[in-house]
Amino acid sequence: MESMYLLVPLSVLLVFVIGVIFWWSVRNGQFDDLEGPGYRVLMDDDDLGNKSADSAGQEPSPGEKGNTEILR
């Protein structure tokens, strides 16, 4: 029974600390966009540059030319 005098205040303090940390993270925008960074990693912007240079009839830049040679 004497351990309850220690455990109950510690559990209340722990819940309070977790609540403060959660409140801080919500206020600072940690939960604003959970899926956006994952989609940005998967999007491949290199293909857009190669298609626009090829469709315009222009020679691709040296960086793009190296990428297209690897793909072919």
Side-chain angles (χ1 to χ4, degrees):
M1 182 67 182
E2 292 179 13
S3 64
M4 295 298 286
Y5 294 125
L6 178 66
L7 293 176
V8 170
L10 281 178
S11 64
V12 170
L13 181 66
L14 182 65
V15 167
F16 179 73
V17 169
I18 291 172
V20 168
I21 291 171
F22 179 73
W23 178 79
W24 174 83
S25 65
V26 168
R27 298 281 289 167
N28 285 323
Q30 296 294 319
F31 298 109
D32 284 348
D33 185 15
L34 297 177
E35 296 177 359
Y39 287 128
R40 282 193 294 269
V41 168
L42 296 175
M43 295 189 119
D44 190 11
D45 293 336
D46 294 338
D47 292 339
L48 296 175
N50 290 337
K51 289 179 184 177
S52 64
D54 292 339
S55 65
Q58 301 173 354
E59 184 68 24
S61 67
E64 291 175 350
K65 187 175 184 179
N67 289 341
T68 57
E69 289 176 358
I70 293 171
L71 295 175
R72 291 181 187 168

message = Do L6 and L14 land in one hydrophobic cluster if side-chain heavy atoms of ILVMFWY residues count as linked below 4.5 Å?
response = no

task = Could you tell me which non-hydrogen atom of G36 sits nearest to which non-hydrogen atom of D33, and how far apart they are?
result = N-OD1, 3.0 Å

task = Take atom CZ of F31 as the centre, draw a 6.0 Å sphere, and report whether it contains more than 12 heavy atoms from other residues, nucleotides or ligands.
result = yes

ask   = In Å and rounded to the nearest 0.5 Å, what is the CD1 to CZ distance from I21 to F16?
value = 10.5 Å

